[in-house]
Every structure is written in C-alpha cells, then in structure tokens.
Amino acid sequence: MSEKLLDVTNLHVSYGAIKAIKGISLHVNRGEVVTILGANGAGKTTTLRTLSGLLKPVEGSIVFDGNDITKTPPHEIVSLGMSHSPEGRRVFGTLSVEENLMMGAFSLKKYDQATLDWIYEILPRLKERTQQLAGTLSGGEQQMLAIGRAIMSKPKLLILDEPSLGLAPVLVKVIFKAIREIAKSGVTVLLVEQNARAALKLADRGYVLELGKISHEDTSEALLGSQAIQEAYLGKK
Ligand code: ATP
C-alpha cells in the first residue's frame, strides 16, 4: 500500500479557453492534513472539483488509493472513499438535520449509529437540532451539517472547501476543533481555506496556489515562518 493516498501529477484544467489550472502536482499522504492556500481566483475550488470528478482535466493524472480516477465519474469516486464538502454548504433545506446526515451514508449503505453518535459528539450543536429543518439553520450550523454529512460515509479522504467562510470567529473555532477531531480519528484531510493561519496551524503541510500554479510547498511550520507567505497570506498576528 502506497504511503500516498492521493497523488496528482501535472494537472491542467480549463473552462473553455480559460486555463484555470496550469500543471499542478501535489500529494496527500495517509493520515495527513494538507492545506491549499491561495488568493481569490487562484484555482482552489477548481482543483478540488477536479479531484472529486466534477470537472475533468485536459491533461494530467489523479491517483486515489491506488486507483487512477482521472476519468472516473464522481459517484464512483465517492464510493472509493473520497468525500467532498463543497463551498457554499449545499445542505438539503427541506430535510431535517438527522435526515441530511443519513443522506450522507445511505446511498453507500454505510449508515451506522456509532458514526452518527460521534458526529453529534464533535458537533454538539447538531445534536440539539436533530429534527430542525436544515434550511432554517444558521450559516455556521449549515457548515457543521455539511461536514457531518461528508463524514457519515466514513471517507478515507475528506475534502473541505472553505469550511470557515463567512463565519463568526467563535464558530470558526468550533469548526476547526471538529476538523482536528476528524483528523485525529484517522481520516486524511485536504483543506482549502482563506483563513491561512488557522489552516496552517491545523495542517501538516501546505501548498500555495497562485494563478493556477503551485508557488510554494512546504511543512506548515516552514510556511508559517516564511516572510513571503507572511506578507502575502498571513497579515499581522
Ligand atoms: P475563490 O477563493 O474566490 O473561491 P478559487 O481559488 O477557488 O477562488 P476558482 O473558483 O477555482 O478559484 O477559479 C479559478 C479561475 O477559474 C478564476 O479565474 C475563475 O474566474 C475561473 N472560473 C471558475 N469557474 C469558472 C467557470 N464555471 N467558467 C469560467 N471560468 C471559471
């Protein structure tokens, strides 16, 4: 079994004539938390959507858990063990919290009570609201639900796109604590975040994306200590 759970080589992705991703290579080892940082429009969401099969690259390869998934449809990628919690949450508004969580597992026949109980343990706000319609949850609660739903399928790799976007600092802390717990349980995590400092504190390694190319890659510690990264992405402490 390869140490690399995800191995991306020379990925190119275009929207018609617009080249959004221009030859990136990256990997995520089993058990790691890896973050992708970058300014608006750098190509972070495009990268994640390509990994989970929603966009197809014009060039390059994606290997996940030993399988070449470059041309694999999204539902098959999910069943191989990759779960993607998209930017903008996208919960099922007319279903209850608990029904949303179950949706994360049923199609894969992976539902189990222990996982549901564990989600309620790490995201207690959801437990207080099991019967509430998801559409009436606050933005932060919907984000928690989207993460919980992604975990219900017991993924090998959890992909999170901007989990803290638009949330108040106190909720950002709750979300990051939950991600830490998820990682501690053995799930490998690939995280895209605007909140670069918090993401690097959580992650083992990071990649910086600039205009569709990787400009830096290093351990989180080295990136946090780099003057160029501090000036461009971390601002003042
Ligand atoms: P943000 O942090 O703002 O979400 P991002 O790093 O996730 O940014 P992407 O959304 O991946 O960036 O966008 C990368 C580039 O691709 C941008 O120039 C964007 O305008 C372009 N792009 C994204 N989606 C489309 C689309 N559907 N059609 C055309 N161009 C697109």
Side-chain angles (χ1 to χ4, degrees), residues 4-8 11 13 15 20-21 24 26-38 42-57 60-65 67-92 95 100-111 115 119 122-123 134 139 142-167 175-176 178-179 182-183 185-195 199 202-203 206-207 209:
K4 289 179 184 172
L5 178 59
L6 179 73
D7 197 6
V8 176
L11 199 68
V13 187
Y15 298 100
I21 299 297
I24 66 170
L26 59 87
H27 68 274
V28 182
N29 293 326
R30 291 174 199 276
E32 266 191 321
V33 178
V34 170
T35 187
I36 303 177
L37 309 176
K44 305 180 297 295
T45 297
T46 301
T47 301
L48 297 190
R49 288 174 62 81
T50 308
L51 298 180
S52 53
L54 299 166
L55 295 169
K56 291 299 165 199
S61 78
I62 308 168
V63 175
F64 176 63
D65 202 16
N67 305 287
D68 186 330
I69 58 160
T70 317
K71 295 190 172 134
T72 306
H75 67 276
E76 282 180 33
I77 295 177
V78 175
S79 58
L80 289 171
M82 188 192 294
S83 188
H84 185 169
S85 176
E87 189 179 15
R89 297 153 201 155
R90 307 216 183 102
V91 295
F92 301 106
L95 299 182
N100 265 275
L101 290 173
M102 289 175 170
M103 291 290 284
F106 269 155
S107 61
L108 296 167
K109 301 193 173 62
K110 285 191 174 171
Y111 174 77
T115 307
I119 289 167
I122 61 172
L123 294 165
Q142 288 191 20
Q143 186 57 63
M144 291 176 201
L145 182 55
I147 294 173
R149 192 180 57 189
I151 287 298
M152 277 302 283
S153 67
K154 296 191 224 160
K156 292 175 186 146
L157 177 67
L158 174 64
I159 293 185
L160 296 168
D161 194 357
E162 302 274 10
S164 79
L165 190 71
L167 302 188
I175 297 277
F176 271 92
I179 300 170
I182 291 165
S185 80
V187 179
T188 304
V189 178
L190 179 60
L191 170 70
V192 156
E193 258 293 327
Q194 291 274 322
N195 194 337
L202 180 75
Y207 293 88
L209 210 48

ask   = After noting the C-alpha distance and the side-chain angles of Asp65 and Arg30, does the key distance pass the side chain to side chain contact (heavy atoms under 4.5 Å, CB included) rule?
value = CA-CA 9 Å; Asp65 202 16; Arg30 291 174 199 276; 2.9 Å; yes
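- In this structure, Leu54 and Pro74 approach most closely via the heavy-atom pair CD2-CG, 3.9 Å.
- Using a distance-only test at 3.5 Å, with no hydrogens or angles considered, a donor-acceptor pair links the side chain of Tyr207 to the main chain of His27.
- Remark: side-chain polar atoms of Lys44 are not paired, donor with acceptor, to backbone N or O of Ile36 under 3.5 angstrom.
- The distance from atom CD1 of Ile21 to atom OG1 of Thr46, rounded to the nearest 0.5 Å, is 5.5 Å.
- Lys56 contributes no side-chain N or O that, together with a main-chain N or O of Val13, makes up a donor-acceptor pair within less than 3.5 Å.
- A pairwise comparison of heavy atoms in Ala150 and Leu158 identifies CB-CD1, 3.5 Å as the closest pair.
- If you take OG on Ser85 and CE on Met144, they are separated by 12.5 Å, rounding to the nearest 0.5 Å.
- When each of Leu51, Val28, Leu6 is paired with Phe64, the side chain to side chain contact (heavy atoms under 4.5 Å, CB included) condition holds for Leu6 and for no other.
- Rounding to the nearest 0.5 Å gives a distance of 8.5 Å between OG of Ser83 and CZ of Arg149.
- Under a 3.5 Å cut-off, the side chain of Asp161 and the backbone N or O of Val192 do not form any donor-acceptor pair.
- In this structure, CD1 on Ile179 lies 5.0 Å from CD1 on Ile147, to the nearest 0.5 angstrom.
- The shortest heavy-atom contact between Thr50 and Pro57 is CG2-CD, 3.8 Å.
- Annotation for Ala199 and Leu191: closest pair CB-CD2, 4.0 Å, computed over non-hydrogen atoms.
- Rounding to the nearest 0.5 Å places CD of Gln143 at 9.5 Å from CD of Glu162.
- Glu193 and Thr35 share no donor-acceptor pair across their side chains, judged by distance under 3.5 Å alone.
- Among all heavy-atom pairs drawn from Leu48 and Leu160, the shortest one is CD1-O, 4.0 Å.
- At distances below 3.5 Å, at least one donor-acceptor pair connects side-chain atoms of Thr70 with backbone N or O atoms of Ile62.
- Here the side chain of Asn67 pairs no donor or acceptor atom with the backbone of Ile69 at under 3.5 angstrom.
- Scanning all heavy atoms of the two residues, the minimum distance from Leu5 to Leu157 falls at CD2-CB, 3.9 Å.
- From Lys4, atom NZ reaches atom OG1 of Thr188 across 14.5 Å, with rounding to the nearest 0.5 Å.
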